[in-house]
Structures are given as structure tokens and as C-alpha cells.
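Can you read through this structure? Questions will come right after.
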Amino acid sequence: MHERAAGPAIELRGAGRNFGERVALQPLDLRIERGEVFGLLGPNGSGKTTTLRVLATLIRPSRGTGAVLSWDVVDDATQVRRSIGVMPEKPSLYERLSIDDNLRFWAEAHELPDVERAVASALEFVGLGDRRRERVGQLSKGLKQRVALARAIVHRPPVLLLDEPSSGLDPSAAVAMEGMIRDLVRDGATVLMNTHRLAEAERLCDRVAILREGELLELGTPRQLRSRLLGNVVEVEFNGTVDLPVRRAVESVAGVGEVQWGRGGVSCRLADADRDTPDLVARLVHAGAKVVSVRQAGDLERVYLELMARSTRPGLEEAA
Ligand SMILES: Nc1ncnc2c1ncn2[C@@H]1O[C@H](COP(=O)(O)OP(=O)(O)OP(=O)(O)O)[C@@H](O)[C@H]1O
Ligand SMILES: [Mg+2]
């Protein structure tokens, strides 16, 4: 009903936001297609929530523009609000009210034609149909998150803005939340989500962007980022202690760059993985390490850590 036929689900053009002197978000260009699941990653304070709040019309961009389904976040804020479902960083539910009344309040605010049906269907979706009379204040964190998701989808919005939807959830509850997000996408929703759970982002997101101090560092599919940033990081697991000969063995490999020691293993950046890996393994074995596995590193968590290490490196190099 509120959808426009053409254009991306979400678009930012040079959108930035300051709070007084502080630059929370540097001018950002971002285009998210319909049906996409897009993850915003980055350390605390990197501008993820700020980006979501601009798109949710909760704050205005200080510069540039933002649009949801081609509705401008400033000029067409009402249409944007009808098109989005928001799970804010803090659920901000009415703790004294029942689950039912919380949902009814939002359904009425959206002026839905059949409030009861919309509420029942949203609660059914999040698996709270049989607990609807319970007071929100008494619910566990996981159940509150479900209520927050139900509230976000009660008006069946085509675009979902989810700020750390699985934050604070136990592993099973987080997987359940992930499943619900996947179901919404299967039904046609577009999702922009912030998360610190990198494994979750890797499973769920078609593309991710990594921010730091309000600046976009990388954007792409998890696979693109892996090959761009980790092409040559090799992880070796071995039994035995990390003693001096073992350390020296690794440091003596011709193409070795940055080395990270972990429990029972080492992760090394190599100039050329194909050329240098056999040498690395041979030297480790010679030094007494009982090598049990060798693989090229490749998950989003590693991409993230690598990127964080890189973006602080120029300063260190200058100092050296
Ligand atoms: N209302 C505000 N007033 C002043 N500064 C703000 C405000 N909101 C955010 N900031 C600042 O903007 C920067 C970005 O904050 P933001 O909440 O977007 O980060 P985030 O990436 O969501 O972090 P987190 O992972 O901790 O949720 C931070 O330095 C933050 O302190
Ligand atoms: Mg945040």
C-alpha cells in the first residue's frame, strides 16, 4: 500500500550526522536493494545506531539525504514511518502493560483496520500467542526481544531496521531470532540490521558494511571481504607448547607478516599463501610442533579484527 514501485529499499546519499562537535556519522553512501539483508558492523560508537535512527526518522541527517522506498526521511517522514518496522537499541516497551496491550497500542498508532487480527498474527509469528496476557515487565530478556520484534512487524512493514536484534540473548534464543528474521525476509522484507555477532551476520547477511568512528571502512558480501582482507592469512593448529624454537620457526619464514599466537595455534599473514604455507608448516614441524590442521582463515570475525588492526596501523608505522 505504501510501497513505491521503483527504487532501492534504502538509500543514503552523503548522509552524515553530527552531535555538536562530534561527528557520529561521516557522509555515507549506501544503497540496499529490496529483499536484501544488510548488516552494519563496527565497534561501539562507530555510528551504526545513528545510521538506523536517521533512516527511522528519529533524527535528521546533518547533511546529505536518506530514503526508504524512495520516500525521503525528512520530507516524507510519515510515509517512511509507515514503511519501516523498527527494533530500537533499547526495546522501550511499556513494562506495566501486557504483551497484548503493548501490541494493541502500536497497532492503533498505525491506524490498522483490524487491530485484533494484526496483533494476533504478530504474536503468533514470534511464538507468544499463548502468553499474550502476561505483563511485559515480568518477561525474560529473550521474550522482551520477541515482543519488540512483534511490535516492529505488527503493521507488516516492507523494510525492517533492527538494532542488535539478538543482543543479550542466549545462544538458542539468538538462533530463534535469526530464524524469525530469515522468515521475514522469505516473506519479502528488506532488513538492515546492526550487530556485534559476526557469525550471525555471516550467516544472515547478503552484504555487510563495517564502520569505524563514523567512517565506512569496507562494504561487500562476506565472501568479498574475506578474500579482500584475508586472502593470505593461514591458521595452523598444533599440539605442544609455544616455546622459543616454535616462535623462531614462524618468524623465520620468508613471507611472514603479522603473527598472532593463540591457544594451540598460530595465525600468520603470508606474502603468498601458496608459496609460503609449505615452508611455514615444515619449519613448525621441525621445531617440534605437532601440526594437526592448516587452513586459510576465513570468517567475518577475522575480517573484522584484521580491519580494526589495519585501520590503526598507519599511526604506528609513522611512529616507527
Ligand atoms: N544523542 C547523542 N548525543 C551526543 N552524541 C551522540 C548521540 N547519539 C550518539 N552519539 C555519539 O555518536 C557516536 C556514534 O554513536 P552510535 O550510537 O551511532 O554508535 P553505535 O555504532 O551504535 O555503537 P554501539 O555498538 O555501542 O551501539 C558515539 O560517539 C556516540 O557517543
Ligand atoms: Mg548502537
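Numbers here are sequence positions counted from 1. Note that ligands are numbered from 1 as they come in the structure, with each ligand's atoms numbered from 1 the same way.
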Suppose we screen for ring pair (Phe, Tyr, Trp, His ring centres under 6.0 Å). Which residues come up paired with His110, at least two apart in sequence or across chains?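 For His110, the residues satisfying ring pair (Phe, Tyr, Trp, His ring centres under 6.0 Å) (neighbours in sequence not counted) are His155.
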Between Arg212 and Ser46, does any side-chain donor sit less than 3.5 Å from a side-chain acceptor? no
Treating Asn102 as the side-chain partner and Leu93 as the backbone partner, does any N or O pair qualify as donor plus acceptor under 3.5 Å?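 No: the side chain of Asn102 does not pair with the backbone of Leu93.
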Six-ring centre of Phe19, Arg17 cation under 6.0 angstrom, axis tolerance 45°: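 Judged by the rule, Arg17 and Phe19 form a cation-pi pair.
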Could you go through residues 119-132 and list every donor-acceptor pair under 3.5 Å that involves a side-chain atom there, pairing it with any protein atom two or more places apart or in another chain?
unit_1 : atom_1 : unit_2 : atom_2 : d
Ser121 : OG     : Arg156 : NH2    : 3.2
Arg131 : NE     : Glu134 : OE1    : 3.4
Arg131 : NE     : Glu134 : OE2    : 3.0
Arg131 : NH2    : Glu134 : OE1    : 3.0
Arg132 : NE     : Asp100 : OD1    : 2.9
Arg132 : NE     : Asp100 : OD2    : 3.2
Arg132 : NH2    : Asp100 : OD1    : 2.8

Glu89 atom (N/O/S) at minimal separation from the Mg ion (ligand 2):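 Checking each N, O and S atom of Glu89, the shortest distance to the Mg ion (ligand 2) belongs to OE2.
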Any ring-ring contact (aromatic ring centres under 6.0 Å, His included) involving residues 252-305? Give me the pairs, sequence neighbours left out, ordered by first then second residue. none
Crowding at CZ, Arg13 (>12 non-hydrogen neighbours, <6.0 Å): no
Would you please write out the protein residues whose heavy atoms approach any atom of ligand 1 to under 4.0 angstrom, listed by chain and number? Phe19, Arg22, Ala24, Pro43, Asn44, Gly45, Ser46, Gly47, Lys48, Thr49, Thr50, Glu89, Glu164, His196
Could you tell me whether any N, O or S atom belonging to Thr50 is less than 2.8 Å from the Mg ion (ligand 2)?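 No, Thr50 does not qualify, because none of its backbone or side-chain N, O or S atoms lies under 2.8 Å.
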